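I have placed the structure first, in the form of structure tokens, so that the comments after it can refer back to it.
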Amino acid sequence: MYLLQSSGIIASQEASLIIQATLLMLIVVVPVFVLLFFFAYYYRAGNHKARYSPNWEHAKMDELIWWAIPLEIILVLGALTWGSTHALDPRKPLPSTVPALQVEVVALPWKWLFLYPSLGVASLNTLEIPANIPVEFHITADAPMNSFWVPQLGGQIYAMTGMDNRLNLMADKPGDYPGYSANYSGAGFAGMHFVVHAVAQKDFEAWVAATASTSPVLDQATYSALRAPSTEQERTYAYRIDLYHAILKQFGH
Amino acid sequence: MSLFGLLTPQAFIHGPIETGAQIIVIVAVLVTVLAITYLGRWRWLWQQWLTSLDPKRIGIMYILLSFVMFGRGFVDALMMKSQQALAVGAPGYISPDHFAQLFTAHGVIMIFFAAMAFMFGIINLVLPLQLGSKDVAFPLLNSISFWLTATGALLLNLSLVVGQFAATGWLAYPPLSELAYSPGVGVDYYIWALQIAGIGTLLSGINFLTTIATMRGHLRLMQMPMFTWTTLGSMLLVIFAFPILTVTLALLALDRTLGFHFFTTDLGGNAMMYVNLIWAWGHPEVYILVLPAFGIFSEVVATFSQKKLFGYTSMVVATMLIVVLSFMVWVHHFFTMGAGADVNAFFGIMTMAIAIPTGVKVFNWLFTMFRGRIIFATPMLWFIGFLTTFTIGGMTGVLMSIPAADFQLHNSLFLVAHFHNMIIGGVVFGFFAGFTYWFPKFTGIMLNERWGKAAFWAWIVGFLMAFMPLYALGLMGVTRRLDHIDVASGLYTQPWAHWLFDIAAAGAAVIALAVLFQIIQIIVSIWNKHKHHVGENPWRSQGPEWQEPAEPLHERSARGVAIGAVAALFGFGLIWHIWWLAALALIGILLSLITLPKPEYAD
């Protein structure tokens with residue numbers, strides 16, 4: 001189960017949040033089940049030993065108790081929510097001694113384009129990142145609304161035209177982690193998955209160097225061809241223009 | 001521009017599977033028409049039913065409409081489940097575009113035409129009697145509301161025969177639903193089917209709220225039965241929420257039809273506005289459906305525990321709190337849109353706050369059972385099934401109201417499992433309970449208990465099989481709305497993934513068996529009506545609706561059918577850009593509203 005086998009510092013905090021909240025709620029849910037099945041069994045019409053009080057319809061103290069129990073659970077959960085929402089805000093930079101790698105993500109009809117603005121390389125449907133180094137994703141779309149999601153690294157955020165969304169993630173060990181679009185975006189949606197290769201820093205640097213020297217150049221013409229609906233294989237590019245902001249700006253925001 | 005707008009012979013030509021659906025629709029309509037003609041029942045049908053203003057007859061027509069639409073939505077579900085079981089690492093048998101139409105139609109049909117119609121059916125039958133009134137405040141408006149709902153359903157099904165339906169998901173998020181990405185008429189069918197049905201719903205909301213406010217005689221508010229209270233809450237929500245839907249869809253229609261830019265990607269359009277607006281209606285909509293179901297369960301648990309309902313005042317307060325809170329939580333449907341942490345946390349906490357009044361309701365129901373003499377008739381079984389599944393669904397719902405948890409669970413099959421938990425376990429089981437419970441009141445016949453219990457057990461087993469695996473699949477990272485699962489996606493290779501899809505599909509088959517049992521139950525009960533005859537109050541219920549006989553009312557008017565028919569032409573004209581037809585139909589609607597007649601009386 002990808003959500004619980006997390007390999008990123010955000011995903012593991014989200015996984016423990018899910019488990020913690022579930023356990024908290026079981027404090028109410030388990031008694032509800034016990035009471036439901038016990039009452040259903042014990043107060044069945046055939047059991048004449050059970051006490052029968054047909055007019056017992058009101059008890060202030062009891063009712064106060066079951067207004068109070070869910071209220072308290074929700075107070076605790078509410079505090080947990082306030083804290084975790086701020087701690088795990090996707091915009092919040094991850095604590096680290098090294099600066100975050102900047103990756104720009106563009107959702108296209110039915111593929112993902114990844115741009116590394118400071119490195120001059122780009123890739124389609126495959127994402128190379130160094131493990132143990134935070135990555136700051138800038139996310140937009142040149143397509144219907146999609147959602148950028150790598151379950152083993154952390155939660156998703158929408159990719160929308162004209163919007164510059166932000167997501168901070170970090171892989172805490174090397175490995176291959178599948179990524180998806182989580183929001184339906186048309187007929188090719190089921191094919192909109194990619195693989196994140198988290199590798200050691202020196203392997204990442206080697207990948208950048210090889211990509212920059214051997215890959216075809218992503219220019220405006222190549223990009224225009226990518227805007228047409230299609231599903232594509234993984235590939236890499238070298239590029240020199242500020243494509244991301246050109247894509248953002250074409251929608252007039 | 002041609003006389004028939006965008007409509008060409010091509011619109012009737014579909015792929016092989018869609019052609020099958022097309023033929024089934026045409027044959028079903030022909031067989032129905034021929035059967036009525038052969039039996040010589042047209043006059044009877046017209047005078048006694050189609051033009052009747054008796055809320056009991058309108059209620060029964062709503063329920064029949066709901067059953068037909070439930071059948072259609074359920075076939076969509078069976079096709080999706082079988083496709084997903086077959087298409088793990090393979091393409092399956094349904095094309096991606098057709099699959100998208102299936103999940104869009106399934107959602108739209110089940111919410112608007114199966115659940116809403118069932119709800120208004122039960123309200124029409126029961127509410128006036130609970131108030132000690134024979135009729136609703138505006139009988140003709142009630143008929144018009146029904147026919148507008150039926151017209152919406154008609155347009156939606158017409159898309160099977162001519163053209164296609166939206167392939168966007170049930171809320172038709174732009175920009176996917178804009179012309180740039182959905183150039184066909186599918187989204188226009190969606191817009192006009194919902195616009196017309198939505199107006200009907202809004203009018204119903206006004207009608208029933210007025211009925212409760214003005215036609216309850218000496219009954220004081222705090223003496224009203226719980227079903228009446230929850231209907232009051234639900235109708236308040238209808239009145240506040242449905243205008244938002246109407247405006248949202250109107251803006252989308254302006255974009256698509258007249259080239260406006262409210263939600264397009266260009267010229268300052270903003271799709272996020274649509275998502276906010278549609279959920280400002282969409283979240284209250286869930287409570288519009290579930291509140292009356294809560295009311296039904298309150299009646300059922302008291303009757304079958306042979307006790308008074310525990311904590312009546314708490315129940316009323318909890319209901320009205322839910323009404324207020326349900327308008328303050330809509331952002332939880334899109335925490336992943338990128339709002340700041342303060343906004344997300346606020347809406348998360350408001351959402352979990354709804355668990356407080358809901359939790360109180362659960363405890364009050366439990367303590368109604370406490371020291372009771374519980375009879376396990378079918379409605380009580382539906383109640384226990386409800387409390388079991390609804391508690392699980394409530395827990396997963398609160399879990400997803402925590403934004404940072406939702407980032408991982410949103411848009412996955414975990415979400416799909418959650419809302420089916422709430423809608424099937426809460427709403428559908430509630431309406432089944434109400435249907436079984438009140439059936440003898442209106443027919444004098446008890447529904448066969450053996451088949452009813454068989455149906456219940458098949459439903460609950462089928463439901464758990466169909467939806468519990470989806471929680472696990474969601475935790476595996478499987479998103480919703482996948483027409484197939486690529487091997488390369490990594491989802492296929494996780495242990496159990498394949499089996500979980502198979503179990504879910506088998507669960508849908510078990511639910512199909514349950515539905516078959518329900519059909520047999522109704523046929524057997526009516527067929528052997530002497531054996532099942534029990535009179536009007538077989539459960540010995542204390543509710544006011546059981547104390548007086550339900551007398552038929554004879555007022556009738558053809559105006560409802562007429563307005564529905566003209567509204568269908570209006571919608572059809574707008575969908576296919578046949579402007580003269582839409583304009584004539586609009587004039588027709590206005591004329592028929594200006595010249596509303598006094599009702600006639602049936603022979």
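A, B, ... follow the sequence lines: proteins, then strands. Residue 1 opens every chain. The analysis underlying the following values was restricted to heavy atoms, covering all of them including side chains, and did not include hydrogens, waters or symmetry mates. What you see is a predicted model, and the numbers here were worked out from it, not measured in a lab.
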For A:S185, is it the side chain, the backbone, both, or neither that has a heavy atom closer than 4.5 Å to a heavy atom of chain B?
-> backbone
Rounded to the nearest 0.5 Å, what separation is found between the OG1 atom of B:T388 and the CZ atom of A:F37?
-> 4.0 Å
Search all heavy atoms of A:Y180 against all heavy atoms of B:L491 and return the closest pair with its distance.
-> OH-CD2, 3.1 Å
Under a 4.5 Å cut-off applied to non-hydrogen side-chain atoms, are A:Y43 and B:M369 in contact?
-> no
State, yes or no, whether a side-chain contact exists between A:Q250 and B:T265 at a heavy-atom distance under 4.5 Å.
-> no
Under 4.5 Å from any heavy atom of chain B - which part of A:Q156 = both
Top contributor to chain B contacts, counting heavy-atom pairs under 4.5 Å, from A:L36, A:L71, A:D89, A:D176 = A:L36
Region of A:A40 in contact with chain B, defined by heavy-atom distances below 4.5 Å = both
Do the side chains of A:I73 and B:M352 get nearer than 4.5 Å, heavy atoms only?
-> no
Of all residues at least two apart in sequence or in a different chain, which pass the salt bridge (Lys or Arg N to Asp or Glu O under 4.0 Å) check with A:R91?
-> none
Taking side chain as C-beta onward, heavy atoms only, is B:F363 less than 4.5 Å from A:V28?
-> yes
May I ask you to decide if the ring planes of B:F367 and A:W66 are parallel, tilted or perpendicular, using 30° and 60° as cut-offs?
-> parallel
Tell me, for A:A141 versus chain B, whether the close heavy atoms (under 4.5 Å) come from the side chain, the backbone, both or neither.
-> neither
Sequence neighbours excluded, the answer for salt bridge (Lys or Arg N to Asp or Glu O under 4.0 Å) partners of A:E232 is A:R235
Can you tell if the side chain of A:M163 reaches within under 4.5 Å of the side chain of B:M337, non-hydrogen atoms only?
-> no
Given side chains that start at C-beta, do those of A:F33 and B:I392 come closer than 4.5 Å, heavy atoms only?
-> yes
Should the ring pair A:W56 and B:F310 be called parallel, tilted or perpendicular, given that the plane angle runs from 0 to 90° and is split at 30 and 60?
-> tilted
Between A:S147 and B:N411, what is the shortest heavy-atom contact and its length?
-> CB-ND2, 4.5 Å
pair B:Y312-A:H58: side-chain heavy atoms closer than 4.5 Å = no
Would you say A:M145 and B:V275 make side-chain contact, with heavy atoms under 4.5 Å?
-> yes
